[in-house]
Amino acid sequence: MPYIVEQFSASEIAILNRHFTNIDRPVFALKNLDTVVAGAMMSRYSRSPKSLRRLFLDEFAEGLDASVGPQQTGSARADAFYEKNFVEYGDDSIAQLGGVHLACEQTSNVLTKVLEWGRLMAYIEQSTRYIAYDLPLGDRYRYFRSPVIIGSALGPRYINDMDTMFKQYSSTLDTLTAHVRATVVQQPGDPDGAYRQATRAKALDAVRGMLPAASLANLGMYGSGQAYENLLLRLRSHPLPEARAYGELILTELREVIPTFMRRVDRPDRGGAWSEYMASTRNDTAAVADRLLEGVVMDDTPEVALVDFDPDGEDKLLAAVLYASSALPEHQLMNIVQRMSANDRVALLTAYVGDRANRRHKPGRAFERTDYRFDVLGDYGAFRDLQRHRLMTIEWQPLTPRHGYVVPDLVAQAGCGGVFEAQMERSADLYEALHAVEPSQAAYAVSMAYRIRYVMQFNAREAMHLLELRTAPQGHPSYRRVCLEMHRLIGEQAGHRAVAAAMSHITHEAPELERLASERAIHARREAN
């Protein structure tokens, strides 16, 4: 198995066995922990280089009741109820009632996107913006070593190229950190810790594009039995060997804590048939698409294109605002809206949006009445962040080096452009070599600065949430640029100026140090306590 087994003392093992379903595999579930403790630990997990078990021992284990016994799966009566209604009758809603915190460690950044596909789950992923990925895992760099690749003739080259990529990432990170600290002056009153963290974060933001998609991440998940069942059906049908193997690890652990909800997954007539359906439709569609698109030359496109919207979207939104406060049918409300004066339209929307003191104050579901669809060609690093917004439709194309890459301005300013471009060339060459023999696994070689094409479709309410959040001052420059352009297109191309104006917490000006204000606030809270 290509995973590092973490070592613990005998006393630590005794503690871990009470709260984790295993202590030697990369997938495990939490047990005998209060939901508040589990949630806090998952949140801390995303910004720590530690494994979840080590984080638990170091920061959360003290004070827990050591007398807690093994987790019970439920009474015989409850088990019988679930068996009858879920397994026999197929009442899927029952599987929404049982939830599990699950830790998924040492997953490639290719696999994290597969795991995070489902809408009805919560995810917290280890961040490339806060953690230096040159920290070793065991005695090696943090990248996935596919047994198939390592055992092939390309194995030695794969290891050598990946090791070189991580060494260049590490040296460039140090150079960029020194450059930022030499060019961005620490202001009077800025705490040393806040300044150093913010300058380091800026360097990490710029250098993360050098990391290959094989880079390992830790991922915390919370979901219902139904959500996990759907996840496992997708993993079992996926073309990526890592996904199929990891699916079996997840299934083993979930059977420790929600066994009844997992009973259909590998039954040939139930989960087996569902997974076969997913695989066959994917393969058949790809074959037809290859035939239809053979020889088609790709058009040049902007980074962000608004490809679909409703010209009457604002009228429909205003009619939806009136709907909940009236007894009239929607078609009649549409007629009324279309005859309203400009002042009345402004008054209605102003009342509905209200005084938004912060971005968490959002108007109601009337903003879900109109949609926008964007085609984006942006760097993979930014895609990773945007993909986790679940209340939208998102589809992406295979990750390859064939769309080119983005060089951050800071890299060029620090004189690291040559090293960066050499990394991109090495990444592309390794990709092509892998694609010739293992096409499903070639994406491991692709550095995150390379661009990927994806489509995002969401309503105006989700647009407000996504665009205000992802243009915040501490946001990564790559996705801030994408989201600012989306906001501009909603107002100017779609002509939905009132919708765009309602997004009053869009931040247009980027600060010199994106994370500094946030770090100042964190430092102030610590001092206050």
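Positions are given from 1 along the sequence.
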Next on the checklist: For a side chain to side chain contact (heavy atoms under 4.5 Å, CB included) check, start with the C-alpha distance between Asp58 and Arg54, then their side-chain angles and the critical distance, and finish with the verdict.
Outcome noted: CA-CA 6 Å; Asp58 291 350; Arg54 175 52 58 193; 3.2 Å; yes
Next on the checklist: Please evaluate residues His435 and Thr400 with respect to the criterion side chain to side chain contact (heavy atoms under 4.5 Å, CB included), reporting the C-alpha separation (whole Å), side-chain torsions for both, the decisive distance (0.1 Å), and the verdict.
Outcome noted: CA-CA 10 Å; His435 192 267; Thr400 80; over 6 Å; no
Item to check | Verdict with reasoning, Glu116 to Leu219, per side chain to side chain contact (heavy atoms under 4.5 Å, CB included) | outcome: CA-CA 9 Å; Glu116 293 169 351; Leu219 176 66; 3.2 Å; yes
Checklist entry - Is there a side chain to side chain contact (heavy atoms under 4.5 Å, CB included) between Ile250 and Cys104 once you walk through the steps? => result CA-CA 8 Å; Ile250 291 174; Cys104 293; 4.2 Å; yes
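Val407 has its side chain out of reach of Met424: every pair of non-hydrogen atoms, C-beta onward, lies at least 4.5 Å apart. Within the 4.5 Å cutoff, the side chain of Leu430 has heavy atoms near those of the Met162 side chain. Residues Met210 and Val411 fail the side-chain proximity criterion, which asks for heavy atoms closer than 4.5 Å. Residues Phe374 and Val307 form no side-chain contact, since every pair of their non-hydrogen atoms from C-beta on lies 4.5 Å or further apart. Side-chain contact between Arg236 and Trp274 is absent, with no heavy atoms from C-beta onward closer than 4.5 Å. The closest side-chain heavy-atom distance from Leu111 to Phe144 is not below 4.5 Å. Counting heavy atoms from C-beta on, the side chains of Phe166 and Pro212 come closer than 4.5 Å. When side chains are defined from C-beta on, Leu211 does not count as touching Met165, because their heavy atoms never get closer than 4.5 Å.
When ring centroids are compared, Tyr450 and Tyr431 stay outside the 6.0 Å threshold.
The shortest non-hydrogen separation linking Phe420 to Ala449 is CZ-CB, 3.5 Å. Residues Arg142 and Leu135 come closest through the heavy atom pair CD-O, 2.8 Å. Smallest separation of non-hydrogen atoms from Ile4 and Leu137: CG1-O, 4.0 Å. The shortest non-hydrogen separation linking Cys483 to Arg470 is SG-CB, 3.5 Å. Closest approach of Ala203 and Thr177 over heavy atoms only: CB-OG1, 3.3 Å. Nearest heavy-atom pair across Thr370 and Gly313 is OG1-CA, 3.3 Å.
The closest donor-acceptor contact from the side chain of Thr107 to the backbone of Ala217 lies under 3.5 Å. With Thr21 contributing its side chain and Ala29 its backbone, the two residues share a donor-acceptor pair below 3.5 Å. With hydrogens and angles disregarded, a donor-acceptor distance shorter than 3.5 Å links the side chain of Ser280 to the backbone of Tyr277. Side chain of Ser427 to backbone of Ser447: a donor-acceptor contact under 3.5 angstrom is found. With hydrogens and angles ignored, the 3.5 Å screen pairs no side-chain donor or acceptor of Arg453 with any backbone N or O of Gln397. For the pair Gln493 (side chain) and Leu306 (backbone), a donor-acceptor distance under 3.5 Å is present. A donor-acceptor contact shorter than 3.5 Å is absent between the side chain of Arg119 and the backbone of Leu391. A donor-acceptor pair under 3.5 Å is formed between the side chain of Arg234 and the backbone N or O of Val114. Within the 3.5 Å criterion, the main-chain N or O of Thr393 finds no donor-acceptor partner in the side chain of Arg373. Here the side chain of Thr252 pairs a donor or acceptor atom with the backbone of Glu248 at under 3.5 angstrom.
We find the CG-CH2 distance between Leu231 and Trp117 to be 12.5 Å, quoted to the nearest 0.5 Å. Distance check: Arg145 CZ to Ile159 CD1 gives 5.0 Å after rounding to the nearest 0.5 Å. For the atom pair Leu233 CG and Met278 CE, the distance stands at 5.0 Å (nearest 0.5 Å). Note: Leu434 CG to Ile149 CD1 = 5.0 Å, rounded to the nearest 0.5 Å. Taking CG of Leu52 as the start and CG of Leu30 as the end, the distance is 6.0 Å to the nearest 0.5 Å. With values rounded to the nearest 0.5 angstrom, Gln387 atom CD is found 8.0 Å from Tyr380 atom OH.
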Using residues 458-469 as the side-chain source, report each donor-acceptor pair under 3.5 Å to any protein atom, sequence neighbours left out, with the distance given to one decimal.
unit_1	atom_1	unit_2	atom_2	d
Asn459	OD1	Arg461	N	3.0
Asn459	OD1	Glu462	N	2.9
Arg461	NE	Pro363	O	2.7
Arg461	NE	Gly364	O	3.3
Arg461	NH2	Pro363	O	3.3
Glu468	OE1	Arg356	NH2	2.6
Glu468	OE2	Arg356	NH1	2.7
Glu468	OE2	Arg356	NH2	3.4
Glu468	OE2	Ser504	N	3.2
Glu468	OE2	His505	N	3.0

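Around CZ of Arg365, the count of heavy atoms belonging to other residues, nucleotides or ligands within 6.0 Å does not exceed 12.
Glu242 and Tyr444 share a donor-acceptor pair across their side chains, judged by distance under 3.5 Å alone. No side-chain N or O of Glu438 forms a donor-acceptor pair with one of Ser152 less than 3.5 Å apart.
For Arg208 and Asp205, the salt-bridge test fails: no basic side-chain N is under 4.0 Å from an acidic carboxylate O. Under the 4.0 Å criterion applied to side-chain N and carboxylate O atoms, Lys31 and Glu256 are not assigned as salt-bridge partners. Under a 4.0 Å N-O distance rule, the pair Glu105/Arg25 does not qualify as a salt bridge. Between Asp409 and Arg481 there is no salt bridge, since none of the side-chain N atoms of the basic residue sits less than 4.0 Å from a carboxylate O of the acidic one.
With sequence neighbours excluded, the residues forming a side chain to side chain donor-acceptor pair (under 3.5 Å) with Asn22 are Arg53, Glu253, listed by chain and number.
Aromatic ring pairs are classed by plane angle as parallel below 30°, tilted from 30° to 60° and perpendicular above 60°; the pair Tyr454 and Phe383 is tilted. Below 30°, between 30° and 60°, or above 60°: for Tyr143 and Tyr158 the angle between ring planes is above 60°, a perpendicular geometry. In this pair, Tyr3 and Tyr246 present their aromatic rings perpendicular. The plane angle is above 60°, beyond the 30 to 60° band. Under the 30°/60° scheme for interplanar angles, the aromatic rings of His496 and Phe309 are found to stand perpendicular.
Listed by first then second residue, pairs satisfying salt bridge (Lys or Arg N to Asp or Glu O under 4.0 Å) with a partner in residues 390-408 read Arg402-Glu432, not counting sequence neighbours.
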